[in-house]
Amino acid sequence: MKKKIVLIDGNSVAYRAFFALPLLSNSKGMHTNAVYGFTMMLLKVLKEENPTHLLVAFDAGKTTFRHKTYDEYKGGRQKTPPELSEQFPYIRELLKAYGIAQYELENYEADDIIGTLSLQAEKDDFEVKIYSGDKDLTQLASEATTVCITRKGITDIEVYTPAHIEEKYGLTPEQIIDMKGLMGDSSDNIPGVPGVGEKTAIKLLKQFDTVEKLLASIGEVSGKKLQEKLEEHQDLAVMSKELATILREVPMDFSLSSLQYNEPDNEKVYELFKELGFNSLLEKLDRPAEEAAIREKVSYEFAAELKEELFNDDSSFYLEMITENYHHADVAGFGLSGQSGTYFIPAEAAFQSAVFKAWAEDETKKKSVYDAKRTVIGLRRRGIELKGIDFDIWLASYLLNPSESPEDFAAVAKLHGMQTIQSDEAVYGKGAKRKLPEEAEYAEHIASKAAAVEELKTICLKELEENQQLELFYELELPLALILADMESEGVQVDVERLKEMGEELKSKLAGIEQTIHALAGTEFNINSPKQLGTILFEKLGLPPVKKTKTGYSTSADVLEKLAPSHEIVEHILTYRQLGKLQSTYIEGLLKVADPITHKIHTRFNQALTQTGRLSSTEPNLQNIPIRLEEGRKIRQAFVPSNNDSVIFAADYSQIELRVLAHIADDEKLIEAFLHDLDIHTATAADVFHVSQEEVDSNMRRQAKAVNFGIVYGISDYGLSQSLGITRKDAGIFIDRYLQSYPGVKEYMESIVRQAKEKGFVTTLLQRRRYIPEITSRNFNLRSFGERTAMNTPIQGSAADIIKKAMIDAAEMLEKENLASKLLLQVHDELIFEVPKAEIETMKRLVPEVMEQAVELKVPLKVDYSYGPTWYDAK
DNA sequence: ATTTACACGC
DNA sequence: GACGTACGTGTAAATC
């Protein structure tokens with residue numbers, strides 16, 4: 001077989017990749033686009049060229065022998081962006097992993113290394129391929145050597161053979177050097193002859209062959225001006241040619257044979273791709289032997305008979321359900337893995353086994369699970385109280401990186417380096433087709449998950465420790481999961497009759513409004529269809545469109561409010577929308593999910609979803625029950641205690657986020673305001689507008705409130721301008737004035753952004769973490785988003801930490817005080833309890849105390865509370 | 001089955 | 001593979 005060597009210009013290809021691809025980054029915020037592009041190209045080269053020998057050459061240092069000739073060589077070049085510099089070590093690692101030689105040499109450029117080696121290789125009867133992003137290299141093309149230059153993308157290349165060069169320029173490869181000598185090269189700061197560009201250079205070389213011959217017969221050049229220029233700049237032409245000439249005799253201390261390419265170290269490649277987050281490439285990779293072996297090793301036993309020996313003191317335990325809502329879903333089976341082996345346990349075998357129940361309820365038998373809350377509830381519904389939960393892979397994964405915490409077990413396992421688990425979708429199907437396959441198939445799947453839990457625990461524990469998040473995990477999130485399980489199982493009683501009544505009322509109101517709207521429009525149409533509504537308003541009735549969406553006219557509430565004065569129909573539409581929302585989402589929605597027998601609603605709190613550490617609530621979402629408008633607020637009348645002897649008791653933190661801000665920013669004025677328990681929006685208005693508290697009018701307070709809102713939620717000047725109905729510029733001025741009034745806050749905002757840029761993440765009071773890769777983006781919007789995220793997450797996230805801590809403390813208090821009161825719901829800054837009338841006085845005293853003492857800040861936490869016969873009355 | 005527009009809460 | 005506006009969830013309509 002003929003020997004074939006591929007020579008790659010490492011710097012040039014890395015640069016090309018960096019600028020050709022968007023600034024991708026891995027989950028830890030490291031940029032990866034250049035490495036990715038480089039890898040793509042490398043893979044393509046390996047596959048298509050199938051070389052016997054391979055070398056990647058790099059530029060060494062800043063100065064080369066060319067700088068002696070011309071000290072301005074490569075002058076005026078932009079510094080390598082740090083986003084690219086940080087990637088070079090990974091490119092080097094990649095080459096090592098692939099077993100590819102790399103070389104750099106003091107005083108020389110990669111070009112010269114390649115030029116020298118290609119010459120040697122040609123003499124040694126190699127076929128030579130050169131890869132670069134720099135057209136200079138085309139001068140090396142010959143019968144034996146082909147030069148491949150990357151085009152637009154990174155894997156798209158243009159192949160330069162002598163024939164192609166002849167066709168393209170009408171020159172030989174050697175004449176490329178002469179061409180450069182004449183026309184120069186702005187990117188390398190090679191001057192060339194002023195006034196000579198590509199066209200003239202080619203014309204001259206066709207006539208005179210080389211720079212030297214040209215200069216010897218300047219008199220024969222047509223055109224007086226051109227003659228003069230050449231005469232005047234002879235030395236520039238000679239020097240430029242010299243600079244452009246790739247050296248082919250670089251002293252090198254190795255032989256071609258040492259560049260032999262064998263094969264990659266799969267294990268290393270795998271590790272590297274994993275670190276870089278190249279998931280698509282990982283999948284194509286053969287699994288390293290070690291992990292493949294693990295997959296083989298997941299041998300499990302089918303445990304139909306549950307003997308005590310199966311259960312260890314410390315086990316991994318997986319409860320499987322194939323539909324999402326664990327309040328209704330059937331248990332499909334269990335996986336158990338520990339010292340005594342890995343088992344699949346059929347659901348009914350477990351539920352009928354006293355041994356299983358005894359083990360599950362034994363606090364001293366430790367269990368590591370995936371989604372503790374779901375596991376607890378799944379067992380509780382069958383009369384088993386799971387105790388001794390020691391670890392939860394899902395929660396751990398969420399704490400390690402909330403942005404990458406999918407629900408699917410396989411995806412989480414993969415994140416932490418285990419590729420061996422099949423996705424639930426692959427095993428069970430999705431949507432309407434979701435069902436249990438053959439028992440043998442799902443048994444293996446479930447058993448493999450239990451076995452994986454075992455291994456993932458070790459990995460996650462180590463990472464939690466590195467992040468100093470063990471306390472957050474063990475003292476906050478894991479205990480909270482159990483409290484949430486209790487809240488969800490308990491459920492909230494709804495007055496179904498009351499909901500139905502309200503539904504009837506709404507129904508007739510809506511019918512009336514619908515008629516009015518149709519009459520005013522002069523035609524019947526579906527008011528709920530933004531498309532049809534847009535046609536009616538903006539075409540039939542000729543109202544001026546304010547805003548457009550991708551698909552047509554916007555008919556959102558803020559648009560309609562602007563249009564209200566123009567046509568009577570608009571206010572009716574707004575009312576229709578408002579009532580329609582109440583009807584469909586809240587009345588019908590809640591009736592759909594209320595238990596037909598108990599009339600209780602069991603929401604699910606997602607504890608591993610939000611980027612800030614807040615909870616979310618689904619099926620139904622009980623964190624967005626209307627309160628702002630009276631009609632909607634009435635929905636809360638349907639939320640009632642589960643017995644006549646109790647009340648609904650609500651306690652909420654007053655301005656918790658701004659108090660957190662005062663604390664972490666250590667802002668003197670803000671702290672002072674809270675120490676004096678001032679109305680914070682009035683105080684802000686006074687500070688921002690430089691007036692006394694008494695002089696703050698309602699408009700000033702409204703604006704200050706919007707700014708505070710913006711601070712808490714990290715909105716942009718654009719967002720503030722929208723909420724205040726002012727220009728973006730004015731909103732920006734507002735924010736500046738705010739920051740001038742609170743220098744501590746300003747200082748905090750600046751330092752947290754700096755910190756996020758340095759570390760790639762921000763943390764909260766209790767060490768919750770959020771990675772913000774966007775913050776180093778060159779895209780303004782993206783970077784701004786990252787900056788606001790950096791400023792906002794510690795505020796909102798710490799507030800989330802605090803209320804979670806309060807929930808744990810409150811649960812402990814209820815237990816200790818032996819109270820029958822129950823925590824029902826959490827709505828970000830408030831806790832809703834059901835309280836027996838006899839315990840009201842105690843709860844009035846203890847709940848605010850517990851919540852206010854959850855953590856100690858530089859400012860007091862303040863809790864307001866109220867109670868009544870329905871949630872509506874607890875206001 | 002998936003996407004879009006809208007509206008509710010904090 | 002881009003990323004346009006705090007974060008979520010749910011509904012209906014429209015589109016595939």
Side-chain angles (χ1 to χ4, degrees), chain A residues 20-25 33 36 280 402 430-433 525-534 547-560 573-574 576-590 592-593 603-606 609-629 631-633 635-636 652-653 655-657 709-723 728 731 770 773-774 777-789 791-793 795-797 799-800 803 825-830:
Chain A
L21 298 174
L23 199 61
L24 309 167
S25 43
N33 58 335
Y36 185 74
S280 56
K430 67 168 176 175
K433 284 186 230 125
F525 67 100
N526 184 347
I527 307 167
N528 282 321
S529 159
K531 193 175 160 194
Q532 292 181 36
L533 181 62
K547 196 165 70 174
K548 282 196 158 183
T549 65
K550 285 188 257 201
T551 50
Y553 309 107
S554 169
T555 65
S556 61
D558 59 317
V559 169
L560 294 185
I573 293 167
L574 282 165
Y576 185 88
R577 279 250 180 93
Q578 193 201 328
L579 300 184
K581 174 79 176 173
L582 293 180
Q583 180 77 300
S584 66
T585 304
Y586 297 105
I587 303 289
E588 291 169 0
L590 289 174
K592 244 183 267 173
V593 292
T603 186
R604 280 174 296 140
F605 288 105
N606 194 332
L609 186 133
T610 71
Q611 302 303 299
T612 54
R614 279 186 171 186
L615 301 174
S616 78
S617 156
T618 52
E619 265 191 286
N621 181 353
L622 291 184
Q623 292 183 318
N624 71 344
I625 303 300
I627 189 165
R628 268 187 43 245
L629 301 170
E631 294 99 314
R633 190 174 198 153
I635 299 284
R636 295 181 173 226
D652 69 294
Y653 281 110
Q655 304 296 351
I656 187 167
E657 283 96 349
F709 179 86
I711 298 289
V712 167
Y713 290 118
I715 62 173
S716 56
D717 52 358
Y718 173 87
L720 182 64
S721 75
Q722 289 296 299
S723 68
R728 192 173 166 152
R770 180 176 185 178
E774 299 91 342
S777 171
R778 282 190 303 272
N779 174 318
F780 173 81
N781 290 319
L782 218 50
R783 188 174 64 246
S784 304
F785 170 73
E787 289 170 357
R788 295 200 303 276
T789 304
M791 299 186 259
N792 165 253
T793 299
I795 302 174
Q796 209 186 110
I803 194 158
L825 297 174
Q826 186 249 51
V827 191
H828 307 310
D829 67 352
E830 69 175 325

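Numbers restart at 1 for each chain; the letters A, B, ... are given by sequence-line order, proteins then strands.
- Contact annotation: A:Ser529 side-chain N/O to C:dA12 OP1/OP2 distance is not under 4.0 Å.
- Contact record, A:Ile795 with A:Ile711: CD1-O, 4.1 Å, taken as the closest heavy-atom pair.
- In this structure, A:Gln578 reaches the sugar-phosphate backbone alone: every heavy-atom distance under 4.0 Å involves primed, P, OP1 or OP2 atoms, never a base.
- Considering only heavy atoms from C-beta on, A:Arg770 comes within 4.5 Å of A:Thr612 through its side chain.
- Taking atom CG of A:Asp558 as the reference point, atom P of C:dT5 lies 14 Å away to the nearest angstrom.
- Within the 4.0 angstrom heavy-atom criterion, no nucleotide atom of any strand lies near A:Ser777.
- Residue A:Arg783 contributes atom CZ, which lies 17 Å from atom P of C:dT5 at whole-angstrom precision.
- Spacing between B:dC6 and C:dG1 at atom C1', rounded to whole Å, works out to 28 Å.
- The two residues A:Gln796 and A:Val712 have their closest heavy-atom pair at NE2-O, 4.2 Å.
- Residue-level contact check: A:Arg633 touches neither bases nor backbone, having no heavy atom under 4.0 Å from any strand.
- Nearest to the side-chain atoms of A:Pro530 among the listed nucleotides C:dA12, B:dC10, B:dC6 stands B:dC6.
- Candidate nucleotides B:dA7, C:dT5, B:dC10 were compared by shortest atom distance to the side chain of A:Arg577, and B:dA7 ranks first.
- A distance of 11.5 Å separates CZ in A:Arg728 from CG in A:Leu720, rounded to the nearest 0.5 Å.
- Looking at heavy-atom distances under 4.0 Å, A:Thr555 makes contact with sugar-phosphate atoms alone, never a base.
- Here the P atom of nucleotide B:dC10 and the CG atom of A:Leu825 are 12 Å apart, to the nearest Å.
- Residue-level contact check: A:Glu657 touches neither bases nor backbone, having no heavy atom under 4.0 Å from any strand.
- Between A:Asn792 and A:Gly714 the shortest heavy-atom distance is ND2-N, 3.6 Å.
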- Per-nucleotide protein contact string for nucleotides 6-11 of chain C (B base, S sugar-phosphate only, - none; heavy atom under 4.0 Å): BSBBBS

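- Between A:Asp717 atom CG and C:dT5 atom P there is a gap of 14 Å when expressed in whole angstrom units.
- Residue A:Asp558 holds its CG atom at 11.5 Å from OG of A:Ser723, rounded to the nearest 0.5 Å.
- Contact annotation for A:Asn779: no contact, since no heavy-atom pair falls under 4.0 Å across all strands.
- Look at the C1' atom in both C:dA6 and B:dC8: the space between them is 15 Å, to the nearest Å.
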Atom pairs and distances, donor-acceptor, side-chain atoms in residues 582-589 of chain A, under 3.5 Å, two or more places apart:
from, atom 1, to, atom 2, distance (Å)
A:Gln583, NE2, A:Gly503, O, 3.2
A:Ser584, OG, A:Gly580, O, 3.1
A:Tyr586, OH, A:Asn624, O, 2.5
A:Tyr586, OH, A:Asn624, ND2, 3.4

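- The distance between atom OH of A:Tyr553 and atom P of C:dA13, rounded to the nearest whole Å, is 21 Å.
- For the atom pair CD1 (A:Ile656) and CD (A:Glu830), the distance works out to 12.0 Å, reported to the nearest 0.5 Å.
- Contact check, A:Lys531 against C:dT15: a side-chain N or O comes under 4.0 Å of OP1 or OP2.
- Residues A:Leu622 and A:Leu590 form a side-chain contact, since some pair of their non-hydrogen atoms from C-beta on lies under 4.5 Å apart.
- Between A:Phe605 atom CZ and B:dC10 atom P there is a gap of 14 Å when expressed in whole angstrom units.
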Shorter than 3.5 Å, N or O on both sides, protein versus nucleotides 2-4 of chain B: list them out with atom names.
from, atom 1, to, atom 2, distance (Å)
B:dT2, OP1, A:Lys430, NZ, 3.2

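- Distance CG/A:Asn781 to OG/A:Ser716: 9.0 Å, rounded to 0.5 Å.
- In this view, A:Ser554 and A:Ser556 satisfy the side-chain hydrogen bond (donor to acceptor under 3.5 Å, both in side chains) rule, not counting sequence neighbours.
- Between A:Gln623 and A:Leu615, the shortest heavy-atom contact is OE1-O, 3.4 Å.
- Among residues two or more places apart in sequence or in another chain, the salt bridge (charged side-chain N to carboxylate O under 4.0 Å, His left out) test is passed with A:Arg633 by none.
- In secondary-structure terms, DNA chain C builds stems of at least 3 consecutive Watson-Crick or G-U pairs, each pair having both distances under 3.5 Å, at B:1-9 with C:7-15.
- To the nearest angstrom, P of B:dA5 lies 20 Å from OH of A:Tyr576.
- A distance of about 12 Å separates the P atoms of C:dT5 and B:dA5, rounded to the whole Å.
- Residue A:Leu574 contributes atom CG, which lies 8 Å from atom P of B:dA7 at whole-angstrom precision.
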